[in-house]
**Q** 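Just dropping this structure here.
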Amino acid sequence: MRRVYLDHSATTPVRPEVLEAMLPFLKDEAFGNPSTVYSYGREAKKALEEAREKVANLIGARPEEIFFTSGGTEADNLALIGTAAANEKKGRHIITSSIEHHAVLHTAQYLLRHGFKVTFLPVTPEGLVRVEDVEKAITDETILISIMHVNNEVGTIQPIKEIGKLARERGIIFHTDAVQSVGKLPVNVDELGVDLLSASGHKIYGPKGIGCLYIRKGTKINPILYGGAQERKRRPGTENMPGIVGFGRAAELAGQELESEMERLQALRDKLIDGILTRIEDVQLNGDPRQRVATNANFSFRYCEGESILLSLDMKGICASSGSACTSGSLDPSHVLLAMGIPHEVAHGSVRMTLGRDNTEEDIDYVLEVMPEIVARLRSMSPLYEEAAGKR
């Protein structure tokens, strides 16, 4: 059976070149702790700093502004909790959006329970945060704005540069969760105007369990873990050397191939979107049709359950999702789609397909061949669809 993986926003396979770079740090020859002073430690330290430089280069930062974490979730937690703790004497108000990843939303809710005020901004039907809404939400107490760069479910690209300019003018620290944009879009921290940026290794063909937080020099932020002086006292704990080296190599490769892959994947994405919308009735594209990342296509199929579609696709060898992998066990509809004003019954029929470097035009042809049959079969069992068809 043909296998087609269309869930690259959930995770990506480790590239062979990345695995090759990691292997010495998983075996005898490079097992040293970079905090030690003898030769094994010095060699590990050299590799650590080389990886830091490669990650920094991908986002236009300085190496000393990159702090390695266990992934995007920890980076988001450090950004929000660390900034709140370091700046609470200045104010206790935070602004974020209603469509953030739960790594930001749940952290913001934690701060809300601990005496901070949080504004959760609405979005347009296309999933865009309005810059004017950010401006209206700012008060004298605002210390942090956190808006994601690319939404993980619908792929909408947020106006980060404009929000960054606003934050700079008001002297407010600005964080962006860039887990779904780094390696998929050109990302430059100075051009975006961000003070903090989260990224993750396994979204760009690196290993799981490694990420980073970019912290602009001079930004006040406290650690949220204690127990050592690693990562310049911002993130203690013995460094995950295989993960860090793999992340560095993945970042290096992503930067080299970014332009060509963006162009190739956008063409495949457009073919997928056009094919679904023309071959299947009662389906809508979720997210902004133009201001979206090249890898994302998110659809709502009326009179179908998204879970049933996913199981049917899996039986045909196609892997997709209904939204964030972090909420795959939930029966609730996507908080992102609901925030965009999509009704519950429509949101329940949503499927996210996210493309990657292993996808081909033949993959898209196969999906477009089987998807109409799947939807037609599921709708044939839906009394709601029969009722709607009878009214036409």
Side-chain angles (χ1 to χ4, degrees), residues 4-10 99 123-128 150-157 180 184 265-325 327-328 330-356 359 361 363-382 384-385 388-389:
V4 178
Y5 184 73
L6 288 175
D7 202 16
H8 292 84
S9 285
I99 62 165
V123 295
T124 68
E126 293 76 33
L128 279 167
V150 168
N151 183 264
N152 54 301
E153 294 194 28
V154 298
T156 301
I157 303 169
Q180 295 292 348
K184 301 175 186 178
L265 291 174
Q266 185 167 323
L268 291 181
R269 180 206 67 188
D270 290 346
K271 179 174 182 174
L272 175 62
I273 291 173
D274 292 343
I276 293 291
L277 295 181
T278 55
R279 297 182 191 205
I280 303 174
E281 62 180 10
D282 291 318
V283 58
Q284 69 182 48
L285 176 69
N286 297 318
D288 194 285
R290 292 169 297 278
Q291 198 165 317
R292 72 187 303 130
V293 72
T295 56
N296 179 289
N298 185 302
F299 305 98
S300 286
F301 298 87
R302 289 181 180 271
Y303 317 113
C304 286
E305 285 287 333
E307 186 176 4
S308 298
I309 296 175
L310 295 180
L311 291 172
S312 299
L313 286 170
D314 188 40
M315 291 175 67
K316 294 288 188 178
I318 300 168
C319 301
S321 72
S322 57
S324 171
T327 57
S328 61
S330 173
L331 295 176
D332 295 328
S334 157
H335 73 281
V336 173
L337 299 183
L338 295 182
M340 291 163 56
I342 296 173
H344 277 70
E345 64 274 14
V346 178
H348 267 300
S350 298
V351 172
R352 180 187 72 173
M353 298 182 182
T354 46
L355 293 85
N359 291 130
E361 192 166 0
D363 290 339
I364 305 304
D365 290 335
Y366 180 59
V367 173
L368 294 177
E369 176 189 330
V370 303
M371 183 63 98
E373 300 171 3
I374 289 172
V375 174
R377 179 176 59 81
L378 293 174
R379 284 177 174 168
S380 70
M381 298 182 284
S382 169
L384 292 175
Y385 182 68

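What you see is a predicted model, and the numbers here were worked out from it, not measured in a lab.
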**Q** Side chains of P343 and R302, heavy atoms from C-beta outward: is any pair under 4.5 Å?
**A**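 The answer is no, as the side chains (C-beta and beyond) never meet within the 4.5 Å cut-off.
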**Q** So, do N286 and V336 sit near enough that their side-chain heavy atoms are less than 4.5 Å apart?
**A**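 No, too far: nothing below the 4.5 Å cut-off.
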**Q** Nearest heavy-atom pair of A320 and V351: which atoms, and what distance?
**A**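 Here A320 and V351 meet closest at CB-CG1, 4.1 Å.
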**Q** Within this structure, what is the CD-SG distance for the pair E345 and C304, rounded to the nearest 0.5 Å?
**A**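 These two atoms lie 13.5 Å from each other.
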**Q** Does any non-hydrogen side-chain atom of T354 lie less than 4.5 Å from one of D7?
**A**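 Touching, per the 4.5 Å side-chain cut-off.
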**Q** Rounded to the nearest 0.5 Å, how far does CG of L355 lie from NZ of K184?
**A**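 Reported to 0.5 Å precision, the distance equals 10.5 Å.
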**Q** Does one side chain, of S350 or S300, offer a donor that lies under 3.5 Å from an acceptor on the other?
**A**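 Yes.
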**Q** Let me know which of N152, L128, V123 forms a side-chain contact (heavy atoms from CB on, under 4.5 Å) with I99.
**A**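 So the option named by the test is V123.
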**Q** How far apart are the closest heavy atoms of G287 and M340, and which atoms are they?
**A**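 Closest pair (atom of G287, atom of M340, distance): N-CE, 3.6 Å.
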**Q** State, yes or no, whether a side-chain contact exists between F299 and I273 at a heavy-atom distance under 4.5 Å.
**A**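 A side-chain contact exists here, since the closest heavy-atom pair is under 4.5 Å.
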**Q** Does any non-hydrogen side-chain atom of R292 lie less than 4.5 Å from one of L285?
**A**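 Touching, per the 4.5 Å side-chain cut-off.
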**Q** Determine the minimum heavy-atom distance between S322 and L310, stating which atoms define it.
**A**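 Distance-wise, the nearest heavy atoms are N-CD1, 3.5 Å.
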**Q** First locate atom CG of L337, then atom CZ of R352, and finally report the distance between them rounded to the nearest 0.5 Å.
**A**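 Rounded to the nearest 0.5 Å, the CG-CZ separation comes to 11.0 Å.
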**Q** For I157, which of N151, D288, V150 qualifies under side-chain contact (heavy atoms from CB on, under 4.5 Å)?
**A**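 Single side-chain contact (heavy atoms from CB on, under 4.5 Å) partner of I157 among N151, D288, V150: V150.
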**Q** Can you confirm whether I342 sits close enough to Q284 that some side-chain heavy atom of one is under 4.5 Å from a side-chain heavy atom of the other?
**A**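 Yes, at least one pair of side-chain atoms sits under 4.5 Å.
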**Q** Side chains of T156 and N296: closer than 4.5 Å at any heavy-atom pair?
**A**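 Answer no - side chains too far apart.
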**Q** Of R379, E373, M381, which is the lone residue that meets side-chain contact (heavy atoms from CB on, under 4.5 Å) with R377?
**A**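 Exactly one pass, corresponding to M381.
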**Q** Does the side chain of R279 come within less than 4.5 Å of M371's, by heavy atoms?
**A**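 No - every pair of side-chain heavy atoms lies 4.5 Å or more apart.
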**Q** Answer yes or no: are there more than 12 heavy-atom neighbours, outside K316 itself, under 6.0 Å from its atom NZ?
**A**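 Counting neighbours around NZ of K316, 12 or fewer heavy atoms of other residues, nucleotides or ligands fall under 6.0 Å, so no.
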